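Since the model is a prediction, treat every value here as computed from it, not as a measurement.
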Amino acid sequence: MRDFYGVTLDTPLMLGTAQYPSPAVLEAAFRGSGASVATVSLRRESGQAQGFWEIIKSLGVHVLPNTAGCHSAREAVTTAQMARDLFDTNWIKLEVIGHADTLQPDPFGLLEATETLAADGFEVFPYTTEDQVLAGRLLDAGAQVLMPWGAPIGSGLGLNNRYGLRTLRAAFPDVPMVIDAGLGLPSQAADALEMGFDAVLLNTAVAQAGDPVAMARAFALAVQAGQLARAADPMDPRDMAQPSTPVIGKAWL
């Protein structure tokens, strides 16, 4: 697995902390998932019941603050600076939302905020689309990680543009990439890792499942399977059938 700003994760699963039925379910789901990273929102932390931050710290995972809900570069930069002070980390999952319905990233605001934050010593994880031109600009601006969406946040649609994601992965083979947003099923997470992505980030698929703890365990198994499958060098798809039993030496009647 590629490292993230010098940090090698124990598992390729990042999990959000929003929308769980209770703090107890949040904690149990995290422990069942084996996630290496918890994403946390400054706005959510400020409105949580006392003890939320204590739960997150007790999990022993890396904390990735985000700028969820920001709709301009200026707002995202301010939120990131406040998050660094609160969570004591240079990591920031940068979100600059450009469309209220799809929650699609604003490419112009995202690039502007990435330049500002990288120059200020932040280690930026930009939530972006699968656009290769934008990806290159974000890397030039100082980002060393990319977080392309699989589908709109909370949609559960999986990997909407497989061609775009596959070509993005191939275009920047040495850049750590995380599929962020849109995953609804463990099979979709396994699929992303089989395609060569380094990790997946999800929240709604676990938090809003009928049994969040069981779903978290399912994703834990899925990312392990996807990672092992990728490392095993899977066969390429074929247009023609190929018999698994050879016909050479077969007796003809």
Side-chain angles (χ1 to χ4, degrees), residues 1-70 76 79-95 117 121-125 127 145 147 153-154 176 178-181 183-184 186 189 192-193 198-227:
M1 183 190 299
R2 300 171 185 85
D3 65 58
F4 297 86
Y5 292 102
V7 175
T8 300
L9 303 180
D10 293 333
T11 67
L13 181 59
M14 303 180 178
L15 195 57
T17 56
Q19 304 176 338
Y20 289 84
S22 69
V25 172
L26 164 66
E27 183 174 5
F30 255 91
R31 297 196 185 282
S33 74
S36 294
V37 174
T39 60
V40 294
S41 169
L42 175 69
R43 296 179 179 187
R44 178 163 296 277
E45 163 62 11
S46 64
Q48 281 283 345
Q50 186 176 5
F52 170 79
W53 182 224
E54 294 303 318
I55 291 174
I56 301 304
K57 288 192 291 186
S58 75
L59 296 172
V61 298
H62 298 281
V63 174
L64 177 60
N66 64 47
T67 61
C70 293
T79 301
Q81 291 168 340
M82 295 171 66
R84 179 164 62 180
D85 291 340
L86 179 61
F87 298 112
D88 192 26
T89 178
N90 286 324
W91 279 15
I92 190 70
K93 181 195 168 190
L94 180 60
E95 297 183 29
L117 291 172
F122 281 88
E123 296 172 328
V124 183
F125 292 66
Y127 163 60
V145 174
M147 302 186 80
I153 293 172
V178 182
I179 292 294
D180 174 21
L183 300 182
L193 291 167
D198 301 285
V200 295
L201 192 159
L202 52 112
N203 190 161
T204 307
V206 170
Q208 295 191 355
D211 186 339
V213 179
M215 186 60 77
R217 292 172 180 160
F219 271 100
L221 295 172
V223 297
Q224 182 181 12
Q227 193 175 41

Give the minimum heavy-atom separation between [X] and [Y], together with the two atoms involved.
| X | Y | result |
| --- | --- | --- |
| F4 | P176 | CE2-CB, 3.8 Å |
| A220 | G32 | CB-O, 3.8 Å |
| A68 | E95 | CA-OE1, 3.6 Å |
| M14 | A199 | CE-CB, 4.4 Å |
| A205 | L183 | CB-O, 3.4 Å |
| A29 | V213 | N-CG2, 3.9 Å |

Counting C-beta onward and ignoring hydrogens, is there a side-chain heavy-atom pair between [X] and [Y] closer than 4.5 Å?
| X | Y | answer |
| --- | --- | --- |
| L201 | Y127 | no |
| T8 | D3 | yes |
| V206 | S33 | no |
| L202 | L13 | yes |

- In this structure, are over 12 heavy atoms from other groups packed under 6.0 Å from D88 atom CG?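 Atom CG in D88 is not packed in, count stays at 12 or less.
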- Decide side chain to side chain contact (heavy atoms under 4.5 Å, CB included) for L64 and T89; before the verdict, give the C-alpha distance in whole Å, the side-chain angles of both, and the deciding distance to 0.1 Å. CA-CA 8 Å; L64 177 60; T89 178; over 6 Å; no
How long is the straight-line distance from [atom2] of [Y] back to [atom1] of [X], given to the nearest 0.5 Å?
| X | Y | atom1 | atom2 | value |
| --- | --- | --- | --- | --- |
| L117 | F125 | CG | CZ | 13.0 Å |
| M147 | I179 | CE | CD1 | 9.5 Å |
| I55 | Y20 | CD1 | OH | 12.0 Å |
| L15 | L26 | CG | CG | 8.0 Å |
| Q227 | D198 | CD | CG | 9.0 Å |
| I153 | D180 | CD1 | CG | 6.5 Å |

- Query: Which residue pairs satisfy the salt bridge (charged side-chain N to carboxylate O under 4.0 Å, His left out) criterion with at least one member in residues 201-221, sequence neighbours excluded?
  - Reply: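 Not a single pair qualifies under salt bridge (charged side-chain N to carboxylate O under 4.0 Å, His left out).
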- Test side-chain contact (heavy atoms from CB on, under 4.5 Å), reference V63, set V40, T39, T17, output is V40
Would you please name every residue forming a side chain to side chain contact (heavy atoms under 4.5 Å, CB included) with [X], sequence neighbours left out?
| X | value |
| --- | --- |
| Q224 | L221, L228 |
| V7 | L9, H62, W91 |
| R84 | N90, D120, F122 |

- Query: With sequence neighbours left out, what residues match E27 under side-chain hydrogen bond (donor to acceptor under 3.5 Å, both in side chains)?
  - Reply: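 In terms of side-chain hydrogen bond (donor to acceptor under 3.5 Å, both in side chains), with neighbours along the sequence ignored, E27 is linked to R31.
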- Partners meeting side-chain hydrogen bond (donor to acceptor under 3.5 Å, both in side chains) with N66 (sequence neighbours left out):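 In terms of side-chain hydrogen bond (donor to acceptor under 3.5 Å, both in side chains), with neighbours along the sequence ignored, N66 is linked to no residue.
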